[in-house]
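In the text below, chain A, chain B and the rest are named by the order of the sequence lines, each starting its count at 1.
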2 protein chains.
Amino acid sequence: MTRPTMADVAARAGVSRALVSLVMRGSPKVSAQRRQAVLRAAEELGYSPHAMARSLASRTSTLLGVMVSDLHNAFFAEVVDGLEEVASDRGFELIINTGGRRAARERRAVASLLSFRPAGLALLGPVVAASVIADAAGSTPVVLVARSCRLSTVDSINDDGRVGSGLAVNHLVRLGHSRIVHFDGGSGSQAAQRRRGYVAAMRAHGLEPVVLHSEYTDTAGARTVARLLERFDPLPTAIVAANDVNAIGAISALDAVGLRVPGDISVIGYDNTSLSALAHIGLTTIDQPRHDMGRLAAEALLQRVRHGRTAPVHHLLRPTLVERASTAAPPGRPARGRRQGGAG
Amino acid sequence: MTRPTMADVAARAGVSRALVSLVMRGSPKVSAQRRQAVLRAAEELGYSPHAMARSLASRTSTLLGVMVSDLHNAFFAEVVDGLEEVASDRGFELIINTGGRRAARERRAVASLLSFRPAGLALLGPVVAASVIADAAGSTPVVLVARSCRLSTVDSINDDGRVGSGLAVNHLVRLGHSRIVHFDGGSGSQAAQRRRGYVAAMRAHGLEPVVLHSEYTDTAGARTVARLLERFDPLPTAIVAANDVNAIGAISALDAVGLRVPGDISVIGYDNTSLSALAHIGLTTIDQPRHDMGRLAAEALLQRVRHGRTAPVHHLLRPTLVERASTAAPPGRPARGRRQGGAG
DNA sequence: GTGAAAGCGCTAACAG
DNA sequence: CTGTTAGCGCTTTCAC
């Protein structure tokens with residue numbers, strides 16, 4: 001159960017401990033012969049350097065702390081995936097925590113990560129006060145994902161919700177729509193930006209924005225459709241939904257009253273969850289580059305660690321439109337050649 | 001950027017370093033007065049113990065290594081969530097890796113985790129050879145999740161796919177079905193067990209099992225329905241699908257030819273993904289206790305670490321049936337009181 | 001190139 | 001209860 005140490009390897013190879021250390025770190029100043037001997041001894045003993053001892057002695061760390069507000073959430077899981085990819089690529093490991101979107105727990109989680117003196121710290125969707133973030137940034141590089149906070153000492157990676165909604169509107173306008181409504185995400189995260197993006201894009205096209213209050217759930221999407229049916233005549237020809245599940249709820253409610261998507265009304269989601277890719281659903285939606293966000297977060301950290309960057313970077317990523325089968329030209333108007341609609 | 005050490009705290013509080021150490025570890029043999037003084041000094045300096053140094057000196061670890069075959073997968077993300085919950089509850093942190101289902105990468109990932117000398121190691125859905133697992137188990141407690149491997153030195157947590165399919169069949173039989181077919185998951189993970197469970201349960205009821213080859217995708221579900229329509233007359237009254245997405249594909253294909261679910265045919269999924277809970281879909285399905293699997297994995301590790309357990313434990317968890325709207329009595333036969341069907 | 005010595009920040013006996 | 005003395009396993013000068 002107790003693993004061999006450097007001394008064991010040195011003894012076995014008949015060299016000093018320092019030599020073993022040099023070999024383990026791949027130093028060029030070791031004769032090929034001795035290097036072989038050391039490597040063989042290590043191999044035979046099943047030796048591998050003790051990362052913590054190394055870290056303590058060298059005053060460096062290969063640990064990146066990650067505080068995830070909610071791992072359960074597919075969004076963050078993918079961000080972590082991206083983080084992990086570049087981290088492991090560069091020889092770093094992730095030490096992960098969750099904060100459950102509660103400030104007190106997040107504070108403890110951050111403190112716990114900091115106790116390992118990580119090389120950097122990524123905070124994914126944190127809700128803690130900016131002061132806590134600033135504090136942490138005092139002892140290690142910090143990058144924020146899905147949380148903006150323009151402290152001069154921390155980096156941040158966000159996607160641009162305004163751009164995303166704008167893409168949705170532009171796509172619909174290009175298809176020939178003009179009566180386009182937005183089901184918003186209420187007070188949910190990013191909802192305000194998506195709403196603003198929608199309004200701005202509509203105005204830019206000289207169209208009248210209509211925002212219906214909704215939420216990030218399928219039942220809310222369905223309820224909002226009910227309100228739509230009650231109050232609007234003529235009905236709009238397109239809906240920019242709060243997110244994918246909201247869109248699914250809307251589509252099923254439309255379906256229930258005999259309105260076809262996209263034949264009678266086009267619907268566009270947001271998030272490009274795995275849900276939207278199901279052939280049965282074929283939801284046109286806006287994709288956030290989650291994986292890239294994770295990669296960029298890791299890179300931001302590593303730049304500070306390895307290249308000593310000190311000026312903050314704030315990435316605002318462009319979401320992209322993923323066109324599937326839930327959008328088409330409005331009824332009575334021929335499609336302008338981009339696609340035919342019709343579920344897969 | 002360089003954080004205060006124990007010596008700084010000791011100096012500031014006017015005591016010895018040893019005393020600070022005792023206070024930090026919550027030893028009872030310190031006068032309340034001095035404890036206060038130390039705590040205050042620590043607070044003022046923003047001191048918190050260096051976890052790695054502590055670990056090195058005490059020859060103990062508060063790190064649990066986790067090798068995830070694929071974080072992208074919602075199944076594992078939830079298992080990690082469960083692990084994290086009990087780990088952080090007991091003062092442990094998770095250090096996470098992914099292996100991408102490739103043996104070579106997984107081997108490196110495991111080695112990297114081991115270099116931190118974690119208190120335990122959880123392998124989620126690993127594909128590495130048993131020898132690698134046995135090796136790892138030689139230096140730290142190991143628990144396997146979603147991978148059985150009856151080494152006498154490692155624990156394992158799996159769900160019982162046979163039981164799950166059995167639950168599905170029993171549920172349908174109870175509703176009055178007798179022509180029940182299974183769309184299987186081909187060579188996918190767990191598919192064989194689910195198939196066996198289906199066959200065994202059918203036989204137990206004196207019914208003829210019919211397995212149609214399929215896959216864990218929605219398009220495969222739809223294709224398999226097409227085959228069903230071609231070859232079976234009369235049609236079966238119920239389908240035990242390979243998993244949730246397969247079920248969704250099947251339902252949409254049935255829908256396309258005018259067959260109602262559950263009016264004409266009942267469909268039951270497997271996995272209870274967030275998908276199935278959408279009101280629009282309302283899929284009756286089998287739930288695997290993913291979160292509990294994570295909790296149990298962490299607990300298995302901690303039992304070995306803290307209570308010195310040495311005999312292996314192998315948990316085989318019972319999945320449960322989640323009844324929603326995609327199953328009902330077969331056509332022409334009154335429901336036997338359990339539920340009415342009809343989408344939410 | 002190579003070995004000896006001095007820590008990294010902390011814990012763990014052990015005497016006072 | 002408190003301070004002293006050794007390390008944990010490794011890296012890092014710094015002479016040889």
Any [X] side-chain nitrogen or oxygen under 4.0 Å from OP1 or OP2 of [N]:
X: Ser16(A); N: dG3(C); value: yes
X: Ser21(A); N: dT11(D); value: yes
X: Thr5(B); N: dG9(C); value: no

For [X] and [N], give me the distance from atom [atom1] to atom [atom2], rounded to whole Å.
X: Leu19(A); N: dT2(C); atom1: CG; atom2: C1'; value: 7 Å
X: Met6(B); N: dA12(C); atom1: CE; atom2: P; value: 10 Å
X: Arg54(A); N: dG7(C); atom1: CZ; atom2: C1'; value: 17 Å
X: Met52(B); N: dC10(D); atom1: CE; atom2: C1'; value: 13 Å
X: Leu22(B); N: dT4(D); atom1: CG; atom2: C1'; value: 13 Å
X: Met24(A); N: dC10(D); atom1: CE; atom2: P; value: 9 Å
X: Lys29(B); N: dG3(D); atom1: NZ; atom2: P; value: 15 Å
X: Arg25(A); N: dG9(D); atom1: CZ; atom2: P; value: 18 Å

Looking at [options], which one has an atom nearest to any side-chain atom of [X]?
X: Ala57(B); options: dG3(C), dC10(D), dG9(C); result: dG9(C)
X: Ala18(B); options: dA12(C), dC8(D), dC10(C); result: dA12(C)
X: Ala53(B); options: dC10(C), dC8(C), dT4(D); result: dC10(C)

Which residue lies more 5' along DNA chain D, comparing Arg59(B) with Arg34(B) via nearest heavy atoms: Arg34(B)
If you assign Gly14(B) and Ser48(A) each to the DNA chain D nucleotide with the nearest heavy atom, which residue ends up on the more 5' nucleotide? Gly14(B)
Quickly, which of His315(B), Arg304(B), Gln303(B) forms a side-chain hydrogen bond (donor to acceptor under 3.5 Å, both in side chains) with Asp155(B)? Name it, please. Arg304(B)
Test item: Leu124(B) and Met67(B) side chains (from C-beta on) under 4.5 Å apart, heavy atoms: no
Considering only heavy atoms and no angle criterion, is a donor-acceptor pair shorter than 3.5 Å present between the side chain of Arg17(A) and the base of dT11(D)? yes
Would you say Glu93(B) and Thr62(B) are linked by a side-chain donor-acceptor pair, where the criterion is simply a distance under 3.5 Å? no
Side chain to side chain contact (heavy atoms under 4.5 Å, CB included) assessment of Ser48(B) paired with Arg3(B): CA-CA 9 Å; Ser48(B) 88; Arg3(B) 309 195 31 158; 3.2 Å; yes
Output yes when Arg290(B) and Asp81(B) qualify as a salt bridge under the 4.0 Å nitrogen-oxygen rule, no when they do not. no
